[in-house]
Amino acid sequence: MTVRLRQVLAGEFRGSGFLAGKGRAARGLVAAAVLGSFAGVGEARALGSCLERLKSDAVASGVRPEIAARMLDGAGTDERVLRFSTSQPEYETPIWDYMATLVDEERIRDGMALLEQHKKTLAAVEKTYGVERHVVVAVWGIESDFGKSKGDFYTPHALANLVCAGGKRSKYFRSELMKTLQIANRGDVPPEKFIGSWAGAFGQTQFMPTTYLRLAVDFDRDGRRDLVDSSADALASTANFLKDAGWEKGRPWGYEVKLPAGYKGPSGRRAKASLESWARRGITRLDGKPLSGNTEAGLIQPAGVNGPAFLVTRNFDALFSYNASQSYGLAIALLSQLISGGEPFAAAWPTDDPGLSRAKRLELQKLLARGGFYDGEVDGRVGPATRESIKKAEQNFGLPVTGRPGYRIYQALGGQ
């Protein structure tokens, strides 16, 4: 999901944030004939007149008229954009679902293969920025499935919707839109290539335009900072972001730990103390190695007191800053650990209904269709239609009606 965005949208999410999907940038962008007015916070604005003002302002800032017109003409109302702006998966999805989908066997396998495929570039990136290659590849995997799922929105149109809807974030999104047009105007990314998230992030590692202008790099030295079609630029830019966020090579992101019974001490990512001080509170590493030294870390329990616990360092803070989500940071941390030959988390998530991998979500849809509960597209993407079909199946099997794609309904339908 998207660089620095969560700090702006505090109080709201965030792909997955999951990304909304791939290959359907035109879908949901209503034709110009249905331009209408839609209410924001404050007075309603007509989208058409708002777009004309935006084009005029862009041209006044130095964007060529043909670029502004090419990127804004034809934008229509997109209710999905406004819906996503107030509903984000990192905050609404149980962490065991979030992690099961983002860190599955397919992504681990692909990540390991890409470490080998891009080893020369990644070695140069690691040497230049001091960020371990498996961490950079993990961000790539979580953000866009290694460039395969860059998003479902034409970002200039999505940003125009957010600007013209009004509200307290309109100024922020207007700035991101203007920077999007400036990037295209400079020739770094062609106008048609801005396919990404509902909030304006684009490219293989999903940079917001402001972040792009500050931290994107031309690592392949072709004269363009191209995060869309150049994996080298995307990987190096991500490493540059993490370096800027305080990443220190050789420092672990954190440690899975066990708390003493009845622990009542400090917690929270920001409540940092030395590893030695945590050891004095009775906290131990699950792998049996001692907690020692002056490395500072904070204690997080992402699933509550009954779930796994972690002491996280400032390197975890750097991961967190990419998307300002604890679940997101842990997904990168775990994926980076696994693709580099490390172990999975040892403690189980506190649920008797675990989440499903992407492969099992696809199989779940097939089972729902076979059982007569679902007649939509079988693509593994769990949207409203799939959730409604899950509810029907749950009701049929006498299960709690949640609409959630978990292992319980998968097993009830015959999944193995």
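All values below were derived from every heavy atom in this structure, side-chain atoms included, with hydrogens, water molecules and symmetry-related copies excluded.
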Polar side chain donor-acceptor pair, [X] to [Y], under 3.5 angstrom:
X    : Y    : value
S149 : S144 : no
T295 : R251 : no
E143 : Y328 : yes
S267 : Q301 : no
T386 : Q365 : yes
E132 : S336 : no
D220 : S230 : yes

Do [X] and [Y] touch side chain to side chain, with heavy atoms closer than 4.5 Å?
X    : Y    : value
Y129 : V217 : yes
S56  : R53  : no
F194 : V189 : yes
P405 : K360 : no
Y172 : M208 : yes
S327 : Y98  : yes
L338 : H134 : no
F202 : K150 : no

Around atom [atom1] of [X], are there more than 12 heavy atoms of other residues, nucleotides or ligands at under 6.0 Å?
X    : atom1 : answer
D287 : CG    : yes
E105 : CD    : no
E343 : CD    : no

Parallel, tilted or perpendicular: which describes the rings of Y263 and W278, with under 30° parallel and over 60° perpendicular?
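It falls in the tilted class, 30° to 60°.
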Would you call the rings of Y410 and Y407 parallel, tilted or perpendicular, taking 30° and 60° as the class edges?
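Answer is tilted, since the angle falls between 30° and 60°.
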Salt bridge present between [X] and [Y] (N-O < 4.0 angstrom):
X    : Y    : value
E52  : K55  : yes
R404 : E394 : no
D152 : R80  : yes

Would you say the rings of F146 and W140 are close, in the sense that their centroids are separated by under 6.0 Å?
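Yes, the ring centres sit under 6.0 Å apart.
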Would a line drawn from the ring center of F316 to the ring center of F310 be shorter than 6.0 Å?
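Not under 6.0 Å, so no.
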Applying side chain to side chain contact (heavy atoms under 4.5 Å, CB included), run through R269 and D317 and close with a yes or a no.
CA-CA 8 Å; R269 181 177 58 86; D317 294 344; 3.0 Å; yes
Which of these, L286, L334, L311, sits in a side chain to side chain contact (heavy atoms under 4.5 Å, CB included) with E256?
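That would be L286; it is the only one of L286, L334, L311 passing the side chain to side chain contact (heavy atoms under 4.5 Å, CB included) with E256.
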Report the C-alpha separation of V81 and H157 in whole Å, then their side-chain angles, then the decisive distance to 0.1 Å, and conclude whether the side chain to side chain contact (heavy atoms under 4.5 Å, CB included) test is met.
CA-CA 10 Å; V81 171; H157 288 189; over 6 Å; no
